[in-house]
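Note on naming: letters A, B, ... go to the chains in the order of the sequence lines (proteins, then strands), and numbering restarts at 1 for each one.
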2 protein chains.
Amino acid sequence: MSIRSADLERVRRLPLFVPIADEVFARLTAGAFLQRFPAGADLLAEGDPVDFLYVLLDGSVELSGTWNDKETTLAVLGPVSTFILAAVILDAPATMNARTVGRSDILMIPGAALRRELEEDVRFASAVALELSGCYQGVVRAIKNQKLRGGVERLANYLLAQRSRQGSGATLTLPYEKRFIASLLGMTPENLSRAFASLADYGVEVDGPHVTISRPVALERLAKPDPLIDKHLPSDITLISKPDRERSQTLETYRPPRP
Amino acid sequence: MSIRSADLERVRRLPLFVPIADEVFARLTAGAFLQRFPAGADLLAEGDPVDFLYVLLDGSVELSGTWNDKETTLAVLGPVSTFILAAVILDAPATMNARTVGRSDILMIPGAALRRELEEDVRFASAVALELSGCYQGVVRAIKNQKLRGGVERLANYLLAQRSRQGSGATLTLPYEKRFIASLLGMTPENLSRAFASLADYGVEVDGPHVTISRPVALERLAKPDPLIDKHLPSDITLISKPDRERSQTLETYRPPRP
DNA sequence: CTCGCGCCTTGATCAACGTCAACCGGCGCG
DNA sequence: CGCGCCGGTTGACGTTGATCAAGGCGCGAG
């Protein structure tokens with residue numbers, strides 16, 4: 001599929017590509033192609049060689065890890081973001097699975113070209129270093145969120161993050177199905193349900209996808225949000241999750257329309 | 001303290017500095033200084049501005065995260081390795097605490113110089129990108145280890161890793177006190193003890209710091225080691241841990257002499 | 001030698017969380 | 001209209017691992 005110039009423009013505006021010269025960008029995207037995937041498409045499995053840097057232009061993608069028949073969601077990404085940068089740079093096998101959540105448009109940039117420019121263009125190389133640093137810090141935040149907090153606290157912080165993202169009003173709308181949010185927060189749907197129930201004491205009311213927070217201060221006192229953990233910056237990859245079967249967690253990156 | 005040239009040589013051999021030109025290395029280390037810390041010294045706390053890249057030349061350093069009076073060890077490093085690279089590059093506050101475990105010699109390289117060279121030298125910038133990619137993958141492996149495996153399985157894999165590192169004989173020596181290994185593996189000392197006990201069924205015998213593995217295949221059948229998780233490369237930073245108070249986990253980097 | 005202090009171990013109890021099963025309500029479809 | 005499916009919820013139960021308390025052992029100091 002040929003690449004629309006509007007799409008290229010969006011890619012160009014990614015922090016990773018902003019600092020580089022036009023010609024470098026041209027060389028990087030010369031061998032690139034755009035592909036549209038249906039929902040639930042497997043893009044990459046653990047251990048696969050990684051030939052392309054993926055740039056998610058539309059839709060959303062879930063990254064997960066598996067071992068011994070258990071699966072754990074490591075991150076969920078929204079547009080516009082890149083993924084598996086580290087594996088591409090190392091030219092190493094993928095350490096996670098990538099699967100589309102909804103139908104997604106993905107730009108695939110040849111890894112070889114990327115590694116070539118990395119070695120020749122300072123601007124690009126330092127942009128990559130910055131990007132990777134951000135990813136790294138995101139992972140660290142995610143680990144702390146996962147390991148230091150209990151399920152109820154994670155949910156409380158998630159709700160507060162959504163709230164601030166949706167204008168800090170008393171009401172917010174959950175961006176995904178609850179089952180998927182449970183996965184994001186590293187718990188089972190059953191426990192998410194119970195966590196919501198126990199937040200009732202803190203002024204949280206739930207009606208389907210609509211949540212109203214009547215006593216934000218009480219909720220914050222429980223959640224104890226911390227800028228070193230909850231920093232919800234744009235384009236922040238995050239992770240975490242839980243054993244067994246589909247779980248996960250992410251500092252959300254976007255609010256997709258609900259179906 | 002002035003820097004011995006032997007120390008500088010060791011730093012020079014780090015993957016991060018091998019590819020760069022002598023003059024660049026000279027500029028990086030021009031403002032650097034070597035400092036000796038006693039055991040248990042706090043080098044850095046979460047939220048602190050990060051003015052230096054730390055290079056651990058001797059001793060060992062624990063990285064941890066805290067929230068709400070709970071602490072969780074994120075990684076333990078041995079010589080020679082660098083830490084908080086990501087924060088230095090982003091010129092952002094530290095996301096973890098750093099504390100020496102034993103007396104440690106640490107080289108401190110001014111962050112400003114590092115960021116300057118990052119923007120001017122391709123070789124260095126791409127070396128940084130490679131280094132960060134490795135760190136990132138290490139973290140991902142650590143998360144998978146932590147989230148997908150139970151305590152007994154983590155211990156089993158840890159023992160197998162030690163075994164292969166110590167010559168694959170039937171016997172191995174634990175490199176740390178058990179209490180610290182418990183922390184490394186993300187569990188309490190009590191549970192480590194129980195985990196060892198339950199490994200008796202798989203041919204693991206413990207006598208103080210000495211462990212003999214009489215039926216490696218049985219142990220491997222339990223541990224199910226996975227190259228995507230257990231890849232114990234040299235200079236591999238890893239993480240993970242557990243809530244409450246001092247816990248941790250790491251893909252070991254070295255075998256220090258036991259006291 | 002003996003006391004005391006760490007480290008390790010062991011047992012009992014508890015809290016968090018996953019699992020299993022059943023049920024409810026909405027919605028599309030025959 | 002009624003059926004069945006699916007997402008969500010609720011309850012009972014089991015497992016994992018943390019917590020608390022107690023005791024053994026080795027070792028250095030008095």
Does [X] use its side chain to pair, donor to acceptor, with the backbone of [Y] at less than 3.5 Å?
X	Y	answer
Glu46(B)	Thr66(B)	yes
Thr173(A)	Pro209(A)	no
Thr100(A)	Ala41(A)	yes
Trp67(B)	Leu228(A)	no

Expressed as a whole number of angstroms, how long is the span from [X]:[atom1] to [N]:[atom2]?
X	N	atom1	atom2	value
Leu155(B)	dT16(D)	CG	P	15 Å
Leu185(A)	dA16(C)	CG	P	17 Å
Leu148(B)	dT16(D)	CG	C1'	16 Å
Met187(B)	dC8(C)	CE	P	14 Å
Arg154(A)	dC17(C)	CZ	C1'	10 Å
Lys70(A)	dT19(C)	NZ	C1'	11 Å
Glu177(B)	dG6(C)	CD	P	12 Å
Asp207(B)	dT9(C)	CG	C1'	14 Å

Report, one pair per line, the protein and nucleotides 9-13 of chain D atoms (nitrogen or oxygen only) whose separation is under 3.5 Å.
residue	atom	partner	partner atom	Å
dT9(D)	OP1	Lys178(A)	NZ	3.4
dT9(D)	OP2	Ser193(A)	OG	3.2
dT9(D)	O5'	Ser193(A)	OG	3.0
dG11(D)	N7	Arg194(A)	NH1	3.1

Handout entry: Lys/Arg N to Asp/Glu carboxylate O, Asp226(A) vs Arg149(A), below 4.0 Å
Key =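 Not counted as a salt bridge, because no side-chain N and carboxylate O are separated by less than 4.0 Å.
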Problem - Atom OH of Tyr202(A) with >12 non-hydrogen neighbours under 6.0 angstrom - result: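 No, OH of Tyr202(A) has 12 or fewer neighbouring heavy atoms, counting only those of other groups under 6.0 Å.
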Practice task
Please determine, for the side chain of Arg179(B), which listed nucleotide (dT19(C), dC7(C), dG7(D)) has the closest atom?
Solution key: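 Selected nucleotide (nearest to the side chain): dC7(C).
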